[in-house]
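Okay, structure first, notes after.
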Amino acid sequence: MTMNEQLTEIWVFGDYRNYFQNRVTLQLLSRGVELAQKTGATVCAVVFGHEVDEWVGEYIAHGADRVLVIDHPELKQYKMETYVNLMVQLIEDLNPDIILIGATNFGREFAPRIAKRMQTGLSADCVGLDINEDGIMVQTAPSFGGNVLAEIITPECRPQMATIRPGTFQEIPHNYERTGEVVKLELPDNLPEERVKLVQSERSTQRFQRIEEAKVVVCGGRGMGSKKKFRKLAELAALMNAEIGATRPVIYANWIESEALIGQAGKNIKPKVLFSFGISGAIQHTAAIKNAEFIIAVNKNPKAPMMAMADIAIVADANQVCTAMIKELKRRIR
Amino acid sequence: MVSELPWDPKTGTLKRALVDGMINPACRHALEAALILKNEHPTEITVITMGPPIAEEVLREALAMGADRGILISDSKIAGADTLATSKILADAIKTACPDFDLVLCGCHTSDSETAQVGPQITEELNVPGIAYVDQLELNNRSLRIQRLSDGFTETLDMPLPGLITVTTQQNAPRYISLSGLEDAFSEADITCLDLNDIGLNSGLTGSDRSPTRILRVYSPVTEKDNTVMRGSAGKIVQQLFDQFDDKIGGAIGKDIKEHQS
Ligand SMILES: Cc1cc2nc3c(=O)[nH]c(=O)nc-3n(C[C@H](O)[C@H](O)[C@H](O)COP(=O)(O)OP(=O)(O)OC[C@H]3O[C@@H](n4cnc5c(N)ncnc54)[C@H](O)[C@@H]3O)c2cc1C
Ligand SMILES: Nc1ncnc2c1ncn2[C@@H]1O[C@H](COP(=O)(O)O)[C@@H](O)[C@H]1O
């Protein structure tokens, strides 16, 4: 292990496909800037696509010092093998120290393939990133199926790689006065042909990302007892213009669709008020609600970790409280 | 504290030997997808798992569902393997046991680590085309047409065989296992056990030697807020809650919930 390793470049993959719903690239740039301040590194966004000037400008406005761009009609659509090949060539040419990739579906497939090619480590769904005194990135991730966080490092291999879920870090407000270096690169002509062919791609009509932005979220867990009782939460949520979230056992039991999952494997939320019904508070769940401003938890067990995290801890039956809230709101709202 | 799986606080790795032998949910969907394919396109299904000897249970469960044979990769030297090492071992096992494979199906993620990395990394190691997060699949003349929902897009993709896919839990709901199937799987199961030597990984390197990542420490975070505890009947609590926090809650929901005197 090299002591006091001098970091030179932190790369952030420019995942712009869902820019308006998903600002994970901007969030990673922001964290990248903080890490860079500790080490004097530059923060560099990497963008593949066609007619991507708009995103290049956005990334500079949100903190990138440098943007590496390959702009070509061939890259009009995301292509996994091609993007992997391009990224691997760039890494081999330029030796970045760190690569951060948003844990979108694309990113979660893209990152492990790059790590495999580079024979380096990758940690998934980090909730924290830092640089230690040796100049090595410490990646904190929920782990081992229990209520624990693990600090993971990749001491020897480079680049050090991590995927991070949308909503984990806060973006820096844009500053369109900022300038950055834009490095335009040619599409190499020795690229192998993409073996997987995209036949059709349509923006799905499914609701997308509403819960991430919701001011009020009603979350239910296994403690709700049954599908029928869980459904009562919908009535409560409707009265409060709230979105509904759920824990994993609820999804597995099919009480609600998997879109509603809040946690490490689901969505990050930051409501002004969060109601939590019958949830124990496992780390995989609570990692995603850290940014909730005010939490009201209902649990029969006053010692549940969720209760320790709440501003108001209600020791009672979740169904009874849900029903009483519905009744009381109907009476009060006019 | 809830802990679904036992972990070893010293090494920070899972004590997989203590975990119930049970197929990972996404893998069960992957097996179901393979069984459906086999209905129309006669083929042989091999199930491979890497783990402690007890992981043989997983293979028996898979055979009871309808797989043809099972292969267990078990070796004291695989302990501590991260995803890079795991994918190398599994890819070499595939090359040894099924050199002429048409399709590798993985779960999209495991429920204990949920990294979702092993499938895409096996794809790279085998150097075949691969697609992750597959919901639906259909085979036409050695070309697999798949559908998936990816980052808000519904995608249709074509992939030539041989290839690898990772399967979600959205479709291909696994079949129930019949009792007779389960009995057969225990009496006449075709299960082979291989160690690292058998698959050509005899360099003496352990799982952790092959793993670029290191775990520095594992800890339970404690968040304790100075909170208000409410007890009593549900009706009373709710009254009190709305009276005390009418501004906060009312402001967030955009409605006036103040008690109106009438
Ligand atoms: C790799 C991995 C990833 C994961 N990702 C996620 C994730 O993204 N999101 C997620 O949520 N989970 C995730 N999990 C699962 C997580 O570890 C927990 O198992 C899960 O969050 C627990 O859900 P729960 O609180 O609803 O259920 P439980 O832990 O069973 O808790 C139920 C709670 O309800 C209370 N209760 C029971 N009856 C009542 C009643 N009548 N009234 C009031 N309270 C009652 C109980 O006291 C208890 O505290 C993941 C696990 C792993 C291993
Ligand atoms: N030890 C293992 N044995 C067999 N398959 C595995 C093993 N670990 C991971 N996989 C496969 O890789 C997928 C993703 O695992 P993971 O990257 O751990 O989330 C799983 O659904 C399995 O199909």
Tell me, for [X] versus chain A, whether the close heavy atoms (under 4.5 Å) come from the side chain, the backbone, both or neither.
X	value
B:L84	both
B:R210	neither
B:S87	both
B:K258	backbone
B:L241	side chain

Ionic contact status for [Y] with [X], cut-off 4.0 Å:
X	Y	answer
A:R331	B:E259	yes
A:E81	A:R195	yes
B:E138	B:R145	no
B:D256	A:R332	no
A:R17	B:E155	yes
A:K197	B:D158	no
B:E61	B:R28	yes
A:R210	A:E243	yes
A:E212	A:R165	no
A:E259	A:K267	yes

* **Side-chain donor or acceptor of A:D317 paired with backbone N/O of A:Q320 under 3.5 Å** => yes
Part of [X] lying under 4.5 Å from any heavy atom of chain B:
X	answer
A:D311	both
A:L329	both
A:V321	both
A:V138	side chain
A:Q119	both
A:A265	both
A:R113	both
A:P271	neither
A:S123	backbone

Closest-packed option against chain B by number of heavy-atom pairs under 4.5 Å, given [options]:
options	answer
A:A324, A:G121, A:A313	A:A313
A:N241, A:I114, A:L198, A:V273	A:L198
A:C322, A:A310, A:P112	A:P112
A:K272, A:Q200, A:R117	A:Q200
A:N132, A:I333, A:T154, A:I312	A:I312

Note: A:A124 and B:Q117 closest approach over all heavy atoms is CB-NE2, 3.4 Å
Taking side chain as C-beta onward, heavy atoms only, is [X] less than 4.5 Å from [Y]?
X	Y	value
B:V104	B:I94	yes
A:V196	A:M80	no
A:L261	A:R248	yes

So ring-ring contact (aromatic ring centres under 6.0 Å, His included) across residues 233-256 of chain B, not counting sequence neighbours, yields A:F294-B:F245
For A:D15 and A:T104, which I'm curious about, is there any donor-acceptor pair between the side chains at under 3.5 Å?
yes
task = Please check if any side-chain donor atom of B:N140 sits under 3.5 Å from a side-chain acceptor atom of B:S143, or the reverse.
result = no
If you tally heavy-atom pairs under 4.5 Å between each of B:H109, B:K255, B:Q147 and chain A, the highest tally belongs to B:K255
In terms of heavy-atom pairs under 4.5 Å with chain A, the winner among B:G250, B:G130, B:G235 is B:G130
So the salt bridge (charged side-chain N to carboxylate O under 4.0 Å, His left out) pairs with at least one residue in residues 296-308 of chain A (sequence neighbours excluded) are none
Taking a cut-off of under 4.5 angstrom between non-hydrogen atoms, the residues of residues 161-174 of chain B near chain A are B:Q170
Within residues 119-129 of chain B, the residues sitting under 4.5 Å from chain A by heavy atom, in sequence order, are B:P120, B:Q121, B:T123, B:E124, B:E125, B:N127, B:V128, B:P129
Between A:F110 and A:Y78, is the ring centroid distance below 6.0 Å?
no
